[in-house]
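In what follows, every chain begins at residue 1, and chains take the letters A, B, ... in the order their sequences are listed.
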Amino acid sequence: MEYDFRKIEAYWQEYWQKNQTFKTDNHSDKPKFYVLDMFPYPSGAGLHVGHPLGYIASDIFARYKRLQGYNVLHPMGFDAYGLPAEQYAIQTGQHPAITTRKNIERYRRQLNLIGFSFDWDREVQTCDPAYYHWTQWVFIRLFHSWYSKKERKAMPDTILTERLEKEGNASLLEEAACSAHDVFSAQDWAAFDEKKRSEILMNYRLAFLSDTMVNWCPKLGTVLANDEVVNGLSERGGYPVERKLMKQWSLRITAYAQRLLDGLETLDWSDSLKEMQRNWIGRSVGAEVRFEIENGAAKGLSEGLRIFTTRPDTLFGVSFMVLCPEHENIAALTTPEQKAEVEAYVHYARNRTERERQAEVNKVSGVFTGSYALHPFTGEKLPVWISEYVLAGYGTGAIMAVAAHDSRDYRFARHFNLPVRQVVAGGDIEKEAYETKDGTLINSRFLDGLCVKDAIARMVQEIEARGLGKAQINYRLRDAIFSRQRYWGEPFPIYYKDGIPHTLSDDKLPLLLPEVDKYLPTEEGEPPLARAKNWQTEDGFPLETCTMPGFAGSSAYYLRYMDPHNNRALVSEDANKYWQQVDLYVGGAEHATGHLIYSRFWNKFLFDLGLVCQDEPYRKLVNQGMIQGRSNFAYRINWTAYKEFLERNPQGGLPGITAEMVRKADKLLFVSKNIPGREAFCDPVHVDIHLTDNDVLDTEAFRKWMPDLAGAGFILEEGRYICGAEVEKMSKSMYNVENPDQIVERYGADTLRMYEMFLGPVEQSKPWDTKGIEGVFRFLKKFWRSCFDEETDSCILEETEPSKEELRILHKTIKKITDDTERFSFNTAVSGFMIALNELSELKCHKKAVFEPLAILLSPYAPHIAEEIWRALGHDQSIAYATLPVYEEKYTVENSFNYPVSFNGKMRFNMELPIALSPAEIEKAVLESEQAAKWLEGKTPKKVIVVPKRIVNVVL
RNA sequence: GCCCCGAUGGUGGAAUCGGUAGACACGCAGGACUUAAAAUCCUGUGACUGAUGAAGUCGUGCGGGUUCAAGUCCCGCUCGGGGUACCA
């Protein structure tokens with residue numbers, strides 16, 4: 001029988017499972033290697049062919065590393081908490097755990113069909129109490145920690161309270177990463193009650209409760225983190241998002257901004273991904289400056305107004321000030337005459353959704369408060385305005401406006417007729433702001449004549465000397481909002497006593513997710529957990545009703561795989577010491593500003609606590625591209641458009657369409673793609689890609705596809721109906737979903753694996769196109785025939801010594817495959833196998849000494865067929881335990897090289913010369929050759945360039 | 001707008017360090033085997049000139065440049081993809 005992939009694959013998958021082939025031990029003499037995939041969210045739709053792309057790549061690498069003698073950790077699990085299961089639960093009343101379990105089982109089955117070498121013993125699921133036990137445990141640690149900028153690490157809150165007792169918070173305001181708050185002394189602290197103390201400590205804790213402006217999504221009934229909002233809409237579902245002030249749990253990830261930035265330097269990640277993280281963290285260097293308010297004392301603003309700027313050099317160009325609509329000093333600054341107008345504006349700004357704000361970025365709006373700030377150097381009166389182009393969350397929520405050198409200030413100034421004052425020479429400020437940072441300072445007293453860079457330094461110096469402010473670094477990164485008003489997530493290990501939050505003690509963990517009667521908020525608008533009976537501690541204190549967000553469970557899962565069954569610790573010290581960090585992490589770039597930042601932060605925190613031994617979790621990261629769908633279209637005649645078309649082109653009618661049909665205009669008629677005029681009178685409609693072959697429509701199958709297509713007619717070209725094609729997202733509604741199960745059923749897992757790799761570089765996004773899969777399938781069939789007799793299924797590999805040529809092919813291939821695998825170029829590796837097989841079949845080679853090492857090389861790519869060959873050769877252990885063949889140069893070195901000889905860079909002839917010749921000897925041999933004489937025509941060359949084993953170029 | 005990445009035959013792509021562009025595969029055309037089909041095998045396949053030969057010219061989005069030599073490096077564009085967006 002020919003290559004029977006179904007039998008082979010079923011046999012080996014069962015074998016691997018029975019023999020625990022891929023079970024990994026935490027103790028080994030071998031060096032370790034940790035290959036990790038981003039674990040999937042098990043959606044109801046199951047896997048499509050795009051999902052396994054990264055898993056195949058990482059599996060190849062894991063198997064390859066095993067062959068190299070590494071002890072490889074290659075686990076898989078499920079990011080099981082998430083919105084879709086909960087939305088489904090709301091609609092159907094079915095518990096999300098049931099849906100999730102069902103989806104996980106389906107995912108696991110689909111993954112196993114592809115033949116991955118996962119150690120399923122280590123599987124984790126974020127919704128499993130044994131797992132979220134440790135998510136809650138880490139949260140408690142975050143709660144009881146603060147960040148010291150001096151020590152550059154997280155510290156326990158016991159040290160914090162000691163210091164507050166001893167010295168108040170004056171020194172801590174500088175040293176600690178904290179929310180803005182008032183200064184107090186040790187005596188004040190002693191006088192504060194418990195509630196006040198708890199509130200103050202919240203300003204320091206790494207997991208803290210605060211009133212924050214949050215992204216509130218009314219449709220989902222929950223708040224969202226910044227990375228979960230895309231273009232002002234929720235990432236999941238695409239619902240509108242509003243800004244709202246709410247009491248929420250947050251993680252003080254901003255404390256780690258600089259370390260998250262610095263850490264990138266040590267990582268082997270793609271430049272584009274590092275750049276994305278850098279932009280997201282958004283470090284900017286500048287100064288914080290205090291502006292006095294005119295009659296400030298009378299207004300209760302003797303402290304003045306603090307602003308942040310990255311351009312202190314332009315301070316003499318300030319012509320007005322702008323506050324964000326949420327600014328705390330607005331009430332104090334607003335004069336009675338302006339009160340009505342200011343209130344109206346603030347009200348307007350507050351009720352705008354994020355989407356509205358973003359859509360109308362260019363719309364200028366604002367209002368004058370009636371008050372004036374005083375220029376710190378000139379004493380000039382600067383009107384204080386309010387506008388929504390100044391953001392509450394960044395800097396101090398207030399700016400000094402330099403219309404001449406900032407395009408937003410410029411727009412604002414032009415709109416409200418405010419002065420524009422140039423202080424850096426260059427550009428044409430009549431037309432637009434001059435934002436470029438080259439040019440010398442003008443109209444700026446002591447800065448005049450300096451370049452921008454020097455002027456910034458000089459001004460910062462001056463500001464600090466006069467006590468007006470200080471140099472300051474700001475980050476765009478915001479603290480991560482950590483509460484979700486949702487059911488299907490980890491409960492917080494928090495209870496409230498007299499309104500003060502306390503953490504549960506460790507022995508009360510895990511705090512189990514309770515049962516509820518409905519997965520909706522309560523009538524009072526409380527989150528679903530408020531519906532749970534007895535949602536309180538044993539002592540009757542109410543528990544937190546919010547749950548944690550999706551990124552909570554995914555932030556430390558890579559650590560849990562190291563020691564998944566440990567019920568005393570997240571990960572034991574031993575296991576962590578052995579596995580260290582993930583050596584290779586494969587996943588989509590869409591997690592650049594979410595999971596990959598949170599996870600690095602989480603890891604750094606655990607590192608500070610001494611719980612893990614590496615500062616960074618993922619040493620090398622590879623982003624696999626997305627596989628898009630390739631949709632097919634049929635073109636349905638739009639009869640109205642057709643009639644119009646006929647009026648314009650009386651001769652342009654299609655054959656086969658009778659006047660009767662046009663008059664009745666009720667027949668479904670589809671026109672093949674290349675019929676002239678088609679675009680003018682046809683509407684494209686999606687066709688299921690499984691009804692086409694090479695864009696040729698199976699018209700009979702199409703008629704049966706949907707009931708109303710039964711009587712459809714077709715206008716063919718050359719007897720066939722050709723469909724159009726377009727690359728789109730893979731989605732059910734576009735009928736372009738290719739399912740791995742179907743491919744495996746038809747061609748086998750080995751073909752699917754190799755084909756997905758053959759499609760192109762792993763990092764690249766590309767449309768799925770089944771067209772080329774036959775080529776890979778043919779290769780595997782041919783490989784099979786080289787090793788087995790098709791009639792008897794018996795192995796035909798011979799024991800005879802391979803020829804020199806055969807050894808050359810083998811070793812060339814060993815080198816190519818190992819090099820390509822090492823540099824993640826799996827597509828060229830697959831080509832390498834094909835070339836080797838083509839060459840060997842030309843030699844009619846069926847030698848064991850050649851195919852045995854080839855099978856080992858092939859095993860990461862097509863493990864099932866490789867195992868079958870390995871077994872047929874009499875080995876009684878899985879090929880996973882084989883040793884990777886080593887490339888030996890002696891079989892492939894040539895003793896001569898065929899030099900391309902060019903004249904003035906144009907190739908004229910090839911010349912075979914011994915490899916041992918020196919460049920001078922090569923030059924001599926070439927110039928003295930008969931062929932050269934023809935091109936030299938007696939002339940003496942000006943120069944001869946000889947690059948050994950490359951080229952000879954004669955310059956005439 | 002800003003940042004990053006890309007553009008190579010009919011198609012997916014290869015060319016790893018500046019050195020014979022188009023490997024490998026698909027598709028297409030022709031052929032062998034077959035009653036036929038499937039499967040398999042063989043040949044051809046960047047464009048143009050030439051006779052279908054020999055041979056030659058052009059050719060890696062566009063325009064310049066560096067170099068004996070450029071898909072690869074530099075400058076200026078065009079188009080496409082991704083990220084980000086009043087971040088002061």
Side-chain angles (χ1 to χ4, degrees), chain A residues 2 230-231 270-280 282-284 286 307-311 314 322 324 357-358 360-364 387-391 393-402 405-409 411-412 435 474-478 589-590 592-593 623 625-626 694-695 725 755 758-761 763-776 778-779 781-782 785 790 816 819-820 822-823 825 827-835 838 841 898-910 941-945 947 949-956:
Chain A
E2 68 170 29
V230 178
N231 292 328
S270 75
D271 288 337
S272 69
L273 202 107
K274 285 190 196 179
E275 196 58 29
M276 259 191 241
Q277 291 215 340
R278 276 188 208 108
N279 291 340
W280 188 259
R283 176 188 151 106
S284 52
I307 60 97
F308 174 73
T309 178
T310 54
R311 294 292 302 273
T314 61
V322 189
C324 65
R357 264 178 94 129
Q358 284 182 14
E360 298 165 21
V361 157
N362 290 318
K363 199 176 136 191
V364 179
S387 174
E388 61 177 346
Y389 85 87
V390 176
L391 303 179
Y394 187 74
T396 61
I399 61 153
M400 62 176 210
V402 184
H405 305 290
D406 182 287
S407 58
R408 296 153 301 179
D409 297 346
R411 222 169 39 221
F412 194 79
E435 293 182 290
N474 270 339
Y475 299 90
R476 204 193 75 119
L477 186 71
R478 303 294 153 82
E590 66 272 19
T593 53
N623 292 120
M626 271 218 294
N694 242 327
D695 293 344
Y755 183 58
F758 187 62
L759 222 44
E763 297 89 340
Q764 198 171 302
S765 286
K766 57 232 152 185
W768 176 262
D769 192 345
T770 317
K771 257 202 291 191
I773 201 165
E774 293 284 348
V776 171
R778 272 176 212 150
F779 161 79
K781 280 191 285 191
K782 207 166 150 185
R785 284 198 306 271
E790 284 196 77
K816 177 160 178 61
D819 284 357
D820 286 350
E822 205 71 56
R823 68 188 175 101
S825 178
N827 55 332
T828 54
V830 174
S831 306
F833 284 118
M834 291 178 175
I835 294 167
N838 286 347
S841 76
N898 196 18
Y899 281 91
V901 181
S902 64
F903 289 80
N904 284 344
K906 303 213 169 181
M907 234 282 288
R908 299 302 178 171
F909 60 87
N910 283 317
K942 278 189 197 147
K943 193 159 126 192
V944 180
I945 292 138
V947 185
K949 281 191 84 175
R950 295 266 198 207
I951 197 165
V952 178
N953 189 28
V954 183
V955 185
L956 295 173

Could you state the [atom1]-[atom2] distance from [X] to [N], rounded to the nearest angstrom?
X	N	atom1	atom2	answer
A:Met400	B:rA88	CE	C1'	9 Å
A:Gln277	B:rG82	CD	C1'	16 Å
A:Arg778	B:rC42	CZ	P	12 Å
A:Asn838	B:rC42	CG	C1'	13 Å
A:Phe909	B:rG19	CZ	P	21 Å
A:Arg411	B:rA85	CZ	C1'	12 Å
A:Glu590	B:rG81	CD	P	18 Å
A:Glu2	B:rC41	CD	P	11 Å

In whole Å, measure the gap between the [atom1] atoms of [N] and [M] for me.
N	M	atom1	value
B:rA51	B:rG12	P	35 Å
B:rG80	B:rA32	C1'	45 Å
B:rG44	B:rG9	C1'	15 Å
B:rA36	B:rU43	C1'	24 Å
B:rG6	B:rU16	P	14 Å
B:rU8	B:rG46	C1'	10 Å
B:rG31	B:rA38	P	15 Å
B:rG19	B:rC74	P	15 Å

side-chain contact (heavy atoms from CB on, under 4.5 Å) partners of A:Asp819, counting only residues at least two apart: A:Lys815
Side chain of [X] - closest among [options]:
X	options	answer
A:Lys782	B:rU40, B:rG19, B:rC41	B:rC41
A:Thr310	B:rA25, B:rA88, B:rC86	B:rA88
A:Ser284	B:rA85, B:rU16, B:rA88	B:rA88

Tell me every residue that passes ring-ring contact (aromatic ring centres under 6.0 Å, His included) with A:Tyr389, counting only those two or more places apart in sequence or in another chain. A:Phe412
Side-chain donor/acceptor of [X] to backbone N/O of [Y], under 3.5 Å:
X	Y	result
A:Ser825	A:Asp820	no
A:Tyr475	A:Ser284	no
A:Asn953	A:Ile945	no
A:Glu435	A:Ser407	yes

Taking for A:Ala398 and for A:Met834 the nucleotide of RNA chain B with the nearest heavy atom, the one nearer the 5' end belongs to A:Met834
Name the residue closer to the 5' end of RNA chain B, choosing between A:Arg283 and A:Arg823 according to the nucleotide with the nearest heavy atom. A:Arg823
NA contact type, [X], heavy-atom cut-off 4.0 Å: base, sugar-phosphate, or nothing?
X	answer
A:Leu391	base
A:Lys781	sugar-phosphate
A:Arg478	base

Does [X] make a side-chain N or O approach to OP1 or OP2 of [N] shorter than 4.0 Å?
X	N	result
A:Arg785	B:rC41	yes
A:Arg476	B:rA88	no
A:Tyr389	B:rA88	no
A:Arg278	B:rG83	no

Could you check if a side-chain atom of [X] sits within less than 4.5 angstrom of a side-chain atom of [Y], using non-hydrogen atoms only?
X	Y	value
A:Met834	A:Val776	yes
A:Asp406	A:Thr314	no
A:Asn827	A:Pro761	yes
A:Val955	A:Asn904	yes

Footprint string (nucleotides 1-13 of chain B, 5' to 3'): B base within contact, S backbone only, - free, heavy atoms under 4.0 Å: --SS-------BS
Once Watson-Crick and G-U wobble pairs under 3.5 Å are found, how is RNA chain B written in dot-bracket notation, 5' to 3', with | for any base paired to another strand? (((((((..(((......[....)))((((((.......))))))((((.....))))..(((((..]....))))))))))))....
Take A:Thr770 and A:Tyr755 through the test side chain to side chain contact (heavy atoms under 4.5 Å, CB included) and record every step on the way to the result. CA-CA 9 Å; A:Thr770 317; A:Tyr755 183 58; 5.7 Å; no
Under the rule syn = chi within 90° of 0, otherwise anti, which is B:rC33? anti
Could you tell me whether B:rG9 is syn or anti, where syn means a glycosidic angle within 90 degrees of zero? syn
Check step by step if side chain to side chain contact (heavy atoms under 4.5 Å, CB included) holds for A:Phe833 and A:Lys816. CA-CA 9 Å; A:Phe833 284 118; A:Lys816 177 160 178 61; over 6 Å; no
Just jot down the salt bridge (Lys or Arg N to Asp or Glu O under 4.0 Å) partners of A:Lys782, sequence neighbours excluded, or say none. none
Taking N or O atoms only and anything under 3.5 Å, show me the protein contacts with nucleotides 64-68 of chain B, one pair per line.
residue : atom : partner  : partner atom : Å
B:rC68  : OP1  : A:Lys943 : NZ           : 3.3
B:rC68  : O2'  : A:Asn953 : ND2          : 3.0
B:rC68  : O2   : A:Asn953 : ND2          : 2.2

If I take atom OG1 from residue A:Thr309 and atom CE from residue A:Met400, how far apart are they, to the nearest 0.5 angstrom? 4.0 Å
